[in-house]
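In what follows, a single structure is set out as structure tokens and then discussed.
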Amino acid sequence: MFDPKDEEAVSGLQSIHIMRHICLYLAICIELGYKFPVVGAASLSQTQNLYDHLFQNYNQKLLPLLNQSHLLQVNVSLNLVSITDFNEISGELVLIGYFSLAWTDEQLSWDTEQYGGKASLVVPPEDVWRPKLSLIYPFQSTQWLGNGSAQIRIFPDGTVVWFFGEVISALCSYDTTFYPFDSQSCKLELTALGWNSIEIELDSPDSQVLLNYYKENGEWSLTRSIVESYSIKDISVIGFTLKLKRKPQFPLIYIIIPVVLLGGLDYWIVLIPDDSGERVSCAMTVFLSFSVYMGIISDNMPKSSDPISYLYYYLLLLMLLSGSIVVLLVLSSKLHRKDGSCLVPLYIKYLVWILRLRFLRSRKTKVSTIAHPNIVQQLSYDGTVPEKFKAERNSVNDGTDKNDSSSDSFYAECSWVLVAHTYDLSCFVTFAISHTLITAIYLGILYQNITLA
Ligand SMILES: *[C@@H]1O[C@H](CO)[C@@H](O)[C@H](O)[C@H]1NC(C)=O
Ligand SMILES: *[C@@H]1O[C@H](CO)[C@@H](O)[C@H](O)[C@H]1NC(C)=O
Ligand SMILES: *[C@@H]1O[C@H](CO)[C@@H](O)[C@H](O)[C@H]1NC(C)=O
């Protein structure tokens with residue numbers, strides 16, 4: 001059953017796999033070590049001789065330039081491993097990265113032939129002069145990068161390569177205007193404190209932060225990075241700018257959608273029949289839920305007024321709507337309990353007539369009134385309309401509309417119950433429109449920010 005061709009294919013695959021490993025290893029070495037060290041046949045005593053030759057008269061406290069008025073160029077690369085934490089409230093950005101520093105130490109060069117072909121030498125960092133880099137904007141105390149860390153590799157032409165890992169906590173200003181679709185830009189600025197820009201110049205061979213070992217963060221995605229070197233007031237600075245974009249799924253599910261739904265639920269309370277007697281307490285509950293959400297959001301966002309997130313404004317408007325629903329419901333239950341024997345004033349009847357869109361219907365019924373004039377006649381003179389109001393109405397409508405007898409029947413029917421129902425219905429429509437409008441504007445602002453970014 002076993003096909004020898006398969007075996008060949010498998011071994012082929014394996015060799016590809018091994019090749020890939022070698023290539024990866026080479027790539028890392030080239031990237032870190034600049035030159036891949038040719039393994040020479042140097043013995044321990046030859047290496048000892050080399051070490052003695054290099055460090056006998058070496059002083060690691062002095063800038064390693066034979067002519068001290070020259071400029072020492074230090075190349076800095078950052079290999080970002082992960083963004084461990086980005087604390088919105090304090091503005092602390094914690095990240096892990098590998099730094100690779102390279103410079104030329106003019107005292108540390110040798111002839112490979114003399115030392116058994118030794119092509120590189122690894123020594124502890126304390127033996128060699130190193131540029132002491134620190135963050136310009138650290139979160140807590142200033143820290144020296146690479147304090148007490150990895151070995152240093154020296155090449156025969158004097159190139160020194162220092163590769164070390166570091167956990168950095170930097171200060172980063174934070175802008176939540178478009179939360180949860182916000183993007184932040186954080187800049188790590190490194191400098192060799194104590195040296196000025198005519199002594200040490202920081203530079204970088206890359207234009208971007210390297211991501212060979214990068215592990216994606218759950219909350220933030222890295223969209224872009226820029227590496228640039230410049231000088232601020234006579235000190236040479238290298239800046240690593242990280243553009244971070246929040247992954248919005250969690251806040252969308254946890255905050256935005258529930259808040260929109262809660263606001264959408266609120267105005268339906270108006271349609272609950274008044275006799276159930278739970279309308280006001282229900283509206284109060286929704287109102288309180290908004291303040292709970294206010295609390296949740298302020299726990300997750302900086303309490304800075306500069307600038308305030310649009311989410312707060314949206315929530316505030318929803319709270320205002322919710323508060324006014326409570327007040328209007330209290331008024332509504334008063335209307336529902338109004339004594340039936342008390343007459344409805346004419347202007348309220350007129351308002352109800354407009355709100356129930358009766359003027360549209362009256363035009364339609366006008367066509368039918370011609371067909372059945374008797375019925376309408378009967379309805380309008382069935383005695384329920386007090387003669388006083390009829391007289392008033394006639395004086396208002398005098399001459400303009402003699403035969404609008406359909407509104408007569410409406411004026412006759414209009415009672416406090418109808419007024420209360422009309423009131424509830426108009427509240428519902430008004431709040432539905434307001435909520436939809438506010439939500440549409442809020443989401444529109446967020447959407448505009450997404451498309452711009
Ligand atoms: C050091 O370099 C400067 C400028 O590059 C030059 O003027 C000066 O002569 C040099 N000094 C020595 C001792 O070589
Ligand atoms: C360097 O590290 C040592 C311990 O490893 C620590 O005591 C010291 O404070 C550190 N120095 C700086 C400047 O971070
Ligand atoms: C620093 O980087 C530049 C390229 O940007 C390169 O020409 C130079 O040799 C590097 N210096 C060292 C010491 O590796």
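Predicted model, so just to flag it, every value in this text is computed and none were measured. Just follow the structure's listing: the first ligand is 1, and inside any ligand the first atom is 1.
- Within the set Val161, Leu72, Asn75, the minimum heavy-atom distance to atom 11 (N) of ligand 3 is found for Asn75.
- Between the side chains of Gln46 and Tyr51, no donor N or O sits under 3.5 Å from an acceptor N or O.
- Here CG of Leu202 is found 9.5 Å from CG of Asn75. Values are rounded to the nearest 0.5 Å.
- At the shortest separation from atom 1 (C) of ligand 1 among protein heavy atoms lies Asn67 ND2, 1.4 Å.
- Within ligand 1, counting atoms from 1 as listed, the ones closer than 4.0 Å to a heavy atom of Ser69 are 1 (C), 2 (O), 3 (C).
- Near Thr104, meaning under 4.0 Å from one of its heavy atoms, ligand 3 places the atoms 13 (C).
- Distance from atom 5 (O) of ligand 1 to its nearest protein heavy atom, with residue and atom name: His70 NE2, 3.3 Å.
- Phe163 and Tyr98 have their aromatic ring centers within a separation under 6.0 angstrom.
- Between the OG atom of Ser333 and the CG atom of Asp424 there is a distance of 9.5 Å, given to the nearest 0.5 Å.
- Close approach of ligand 3 to Trp103 is summarised as follows: ligand atoms under 4.0 Å from at least one heavy atom of the residue are 13 (C).
- Between Lys245 and Asp182, none of the side-chain N atoms (NZ, or NE/NH1/NH2) sits under 4.0 Å from a carboxylate O, so this pair counts as no salt bridge.
- Within a 4.0 Å radius of atom 9 (O) of ligand 1, the protein contributes no heavy atom.
- Side chain of Arg279 to backbone of Ile272: a donor-acceptor contact under 3.5 angstrom is found.
- Within 4.0 Å of atom 14 (O) of ligand 1, at least one protein heavy atom is present.
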